[in-house]
There are 2 protein chains.
Amino acid sequence: MILDQAASRLEALGNPTRLRIYRSLVRAGSQGSPVGRLKASLGIPSSTLSHHLKTLLAVELVTQERQATTLVCRANYEVMHELVGFLVEECCADASCGSAAGNDAAA
Amino acid sequence: MILDQAASRLEALGNPTRLRIYRSLVRAGSQGSPVGRLKASLGIPSSTLSHHLKTLLAVELVTQERQATTLVCRANYEVMHELVGFLVEECCADASCGSAAGNDAAA
DNA sequence: TCTGTATTTCTAGACTAATCGAAATTACCG
DNA sequence: CGGTAATTTCGATTAGTCTAGAAATACAGA
């Protein structure tokens, strides 16, 4: 993953409203959630929601699929894992950071 | 981690310049990197660098320690892991996303 | 105390994002 | 083909970010 792309994704997730949307989608899991339900459960006006969804869509963090009248949104886990991987990638390239093995209690 | 805090951290990482700084620090590992070296290796003007560092510092993604004249910066791995944890937290709360077990090679 | 180096603060301009109401569009169903 | 519901686009406002040059400050050594 290119740095600028990672930054775009991180930035997309960096807005509280978008992060809320995204997490809601993560929670919804594979069945996803229609835009309308997102709107209702998060209390975000349609236009704002649509705007943010477009941002999330643009960086591939979210996918959409039409189901009859409604548009079902889903979190793209694969991209999220890629992003997490990018963040951790060079961690410990040097030395310490004894947490890669899962032990970061050292804090 | 509170959502707004996570969003702030994600947002901090969402700027290409800051992401570059942060990664440089991640690479530097436990020995960290002085501001001056960051400036030289990344080619970022002092004021801009200082500005971004402050942002990173504010969200605790980076720490600083004075060593004589220079200020040594270090990536805060613990916070990064917390952030990653937050992102993955509810993943699979529902069902699929068969990658939590460490198998996301599908990418 | 004076000097030089390292780093931050001040300042300002250009640009981009966030928000939301209203209108337009799209897709489906009868 | 018309109606209905879901979603997006438009348009405008507001606020905040990114950038960096110049000046100010902090620190260590002589």
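All heavy atoms count here, side chains included; hydrogens, waters and symmetry mates do not. What you see is a predicted model, and the numbers here were worked out from it, not measured in a lab. The sequence lines fix the lettering, A, B, ..., with proteins before strands; numbering per chain opens at 1.
Atom CG of L71(B) is separated from atom P of dA26(D) by 13 Å (rounded to the nearest Å). Atom NE2 in H51(A) sits about 13 Å away from atom P in dT8(D), given to the nearest Å. Straight-line distance from the CD1 atom of I21(B) to the C1' atom of dC18(D): 12 Å, rounded to whole Å. Here the P atom of nucleotide dT19(D) and the CZ atom of R20(B) are 8 Å apart, to the nearest Å.
Between M80(B) and V88(A), the closest heavy-atom pair is CE-CA, 4.3 Å.
Each of G36(B) and T55(A) has a nearest nucleotide on DNA chain C; the 5'-most of these lies closest to G36(B).
In this structure, K54(A) does not reach the dT7(D) phosphate: none of its side-chain N or O atoms is under 4.0 Å from OP1 or OP2. Contact between the side-chain N/O atoms of Q64(A) and the OP1/OP2 oxygens of dA6(D) is not found at any separation under 4.0 Å. Using a 4.0 Å cut-off, some side-chain N or O of H52(B) falls inside it from OP1 or OP2 of dT19(D).
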What string of B, S and - do you get for nucleotides 22-30 of chain C, 5' to 3', when a contact is any protein heavy atom under 4.0 Å? B----SS--

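Terminal axes of the helix from dT1(C)-dA30(D) to dG30(C)-dC1(D) (five pairs each, C1' rotation axis) are separated by 30°, to the nearest 10°.
Residues from residues 10-18 of chain A with heavy atoms under 4.0 angstrom of DNA chain D: there are none.
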